[in-house]
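Structure, as structure tokens:
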2 protein chains.
Amino acid sequence: MRVRIDDVAKAAGVSMKTVSRVLNEEPNVSDETRRKVQEAVEKLRYRPLASARLLAGRRSNLVAMLYDNPSSNYLMEVELGVLDACQSQHYNLMLAPLDYRARDIVAKVESLVVQSQLDGVVLTPPITDDRALLARLDEIGVPYASVSAQERNRRIGVFVDEESAARDMVLHLVSLGHRRIAHIKGHAAHGASRWRLAGYRAGLREAGIAYDPELVVAGRFFYESGYEATNRLLDLPQRPTAIFAANDDMAAGSICAICERGLAVPRDISVCGFDDMPVARFIYPSLTTVRQPSRDMGRLAGLEVIKAIRERGAGENIELPYTLQLRRSTGAVPG
Amino acid sequence: MRVRIDDVAKAAGVSMKTVSRVLNEEPNVSDETRRKVQEAVEKLRYRPLASARLLAGRRSNLVAMLYDNPSSNYLMEVELGVLDACQSQHYNLMLAPLDYRARDIVAKVESLVVQSQLDGVVLTPPITDDRALLARLDEIGVPYASVSAQERNRRIGVFVDEESAARDMVLHLVSLGHRRIAHIKGHAAHGASRWRLAGYRAGLREAGIAYDPELVVAGRFFYESGYEATNRLLDLPQRPTAIFAANDDMAAGSICAICERGLAVPRDISVCGFDDMPVARFIYPSLTTVRQPSRDMGRLAGLEVIKAIRERGAGENIELPYTLQLRRSTGAVPG
DNA sequence: ATGAAAGCGCTAACAA
DNA sequence: TTGTTAGCGCTTTCAT
């Protein structure tokens, strides 16, 4: 029925072990023997069984991506990058959606890692910052790479300097003449929210604009939360001339809320976001935003775990550059 | 080091097999014994090794989702649904991006299925329609469920009646007074493109409007292709008063192209799409579109494979309803 | 450079 | 209801 390694051995006229050597690209096989084995493998369409290899002590060539909030555009982009890395390195990718608030997250991840013998995992925010989980992963000895982890030293993964990026964005708004600049914060559990808020404040400071707590409202990274936050801002006695949302989805919600009041973007109010997801180009007016190379971040995180898997101690925390994407949603402060 | 089944057996004062019985929820274990075993499992934090179980002949509890073009919004929605189904049924999900045009797609899938001992796979368009692949999967005996497969009999999976949906959308445009209705086609490899075009023609026919090939232009489901297609339509001597794009991404591109010419949607031209992806609500004006329950489709496809895995011969091809989402991008014919 | 034998950790089949 | 035995298909020793 199923072709096994000794079928191949028989067909090639060698021992099982030799076939195994060829398959695993081990040394000490003559070219002639190697060729014979490869032919037999080809002819019999032999595929070594992952579970048997694994049980006998080899690697799984399997990594998992852990994430909360699967429906975020941002995570989908990261996922594409990780997938890309896995493909290029002949790894398979498993998806593990988790609730970052769940009590049993450590146990869940441990089960997955141990049971499926994962070679490594990729962590995405805010799971990147779960100390208990990281400690456990270290104990078990599974390499992991983080995307935008809050703690930046002694980690392997990828990040961008989001604080500087947010500051630059604010300074851009200032350069357009804006001084009443509002900020819609992201979800509190995410480091990104902290960094972006800090950058917002830094930008104001550099521009010599006083921080006005009234202009900073809560959001949760969703479209709806941007919509609602903007309505609160528009109800202010003196409304802002620019709104800096902590991500693109919220900025899209912001634009919608503004338009619904009969105001125009950027004529009456400028809006900008963060991330540069595809939606930033699709909406009208197209969104000025901070471009974070999410897909590349996913790819690099994937490559770094795999590097760490292959060579213990390898892997680093890589900083990637951001860029400001100036599009149509920001303009000069109204007359 | 690692806790094994006989450690648990020893701790519980029973045999390995009894532990195995408890773990696999097999009958013929006394409540008392079961309790003792569970306690031991708990205390030792025992996790059975998937590879060992698998090698000994059990299921992998692993399914893979096969797809081409990973960056499509639509597929991400489907993925979320599949993921959901897997979680609820204690299955793990692997992701297998493929090139539907690749020569070796059958071999690739076969390797994956055989090597990783996948219990089943979920197919998404256009991989759903690769006869050679389906034949091979049938041979190997791996259950699979398809999302929107072209062939609808003798399949398990999910679909919606896209042709009727497209027809209804055209009739909606007609009811608004439109008679010069254009269509931007989808990618030729997808059944969806055929059905939506057929529905477009059926709608025109029912409304007594002659089919004008000039008004039907090629697209490939991407934003950019919608943008370009629309520019071609706008260059026509007599331009359409409504554009029906075969999906939302292209409709977004269409709106952008229209706005760039200083025209307004829906004042000058109505635009509608298909799928009802999140972007349909985010763009301005919000998009009139056919709601296809992509996430539920993913979920059901996932549940159907799992059903087929558990009980050979089970599983069916389920039709799900569509709805017209009337939003702001369509309106009465100008003047 | 190649091979023989002994597991890896579990479950299936059989026995008791 | 419970236990014993013999693999599952591969890779690891350790020989040769």
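All values below were derived from every heavy atom in this structure, side-chain atoms included, with hydrogens, water molecules and symmetry-related copies excluded. Just so you know, these numbers come straight off a predicted model, no measurement behind them. In the text below, chain A, chain B and the rest are named by the order of the sequence lines, each starting its count at 1.
- Only one option out of B/Leu112, B/Val109, B/Leu133 pairs with B/Leu98 in a side chain to side chain contact (heavy atoms under 4.5 Å, CB included); it is B/Val109.
- Salt-bridge check for B/Glu304 with B/Lys307: passed, with a basic side-chain N closer than 4.0 Å to an acidic carboxylate O.
- Each of A/Thr18 and B/Leu49 was assigned the nucleotide of DNA chain C with the nearest heavy atom; the assignment lying further toward the 5' end belongs to A/Thr18.
- Interface remark: the A/Lys17 side chain does not form any donor-acceptor pair with the C/dA4 base, using a distance-only criterion of under 3.5 Å.
- Distance CD1 (A/Ile5) to C1' (C/dC8): 15 Å, rounded to an integer number of Å.
- Going from atom CZ of B/Arg53 over to atom CD1 of B/Ile5 covers 8.0 Å, rounded to the nearest 0.5 Å.
- Between A/Arg34 and B/Ser20, the one whose closest nucleotide on DNA chain C sits nearer the 5' end is A/Arg34.
- Here A/Thr33 reaches the OP1 or OP2 of C/dT2: one of its side-chain N or O atoms lies under 4.0 Å away.
- For the pair B/Asn24 CG and C/dG9 C1', the interatomic distance rounds to 13 Å; values are reported in whole Å.
- Extent of DNA chain D lying under 4.0 Å from chain B heavy atoms, first and last nucleotide in 5' to 3' order, is D/dT1 to D/dG9.
- For the residue pair B/Tyr100 / B/Asn69, no side-chain donor-acceptor distance below 3.5 Å is found, with atom types taken as modelled.
- Straight-line distance from the CZ atom of A/Arg58 to the C1' atom of C/dG9: 18 Å, rounded to whole Å.
- The separation between B/Met16 atom CE and C/dA13 atom P is 15 Å, rounded to whole Å.
- The two residues B/Ser116 and A/Asn92 make their nearest non-hydrogen contact at OG-ND2, 4.0 Å.
- At the heavy-atom level, B/Asp6 lies nowhere under 4.0 Å from the strands shown.
- Each of A/Gln89, A/Arg299, A/Arg295 was scored for a side chain to side chain donor-acceptor pair (under 3.5 Å) with A/Asp84, with one residue passing: A/Arg299.
- To the nearest 0.5 Å, atoms NE2 (B/His187) and CG (B/Asp68) are separated by 7.5 Å.
- With a 4.5 Å cut-off on side-chain heavy atoms, A/Val8 and A/Leu23 do not count as touching.
- Distance CD (A/Glu26) to C1' (C/dG3): 14 Å, rounded to an integer number of Å.
- Contact check of residues 35-48 of chain B against DNA chain C (heavy atom, cut-off under 4.0 Å) returns B/Tyr46, B/Pro48.
- Looking at A/Lys17 and A/Glu26, a side-chain N of the basic residue comes within less than 4.0 Å of a carboxylate O on the acidic one, giving a salt bridge.
- For the pair B/Arg4 CZ and C/dG7 P, the interatomic distance rounds to 12 Å; values are reported in whole Å.
- Taking atom CZ on B/Arg59 and atom C1' on C/dA12, their separation rounds to 15 Å, with Å as the unit.
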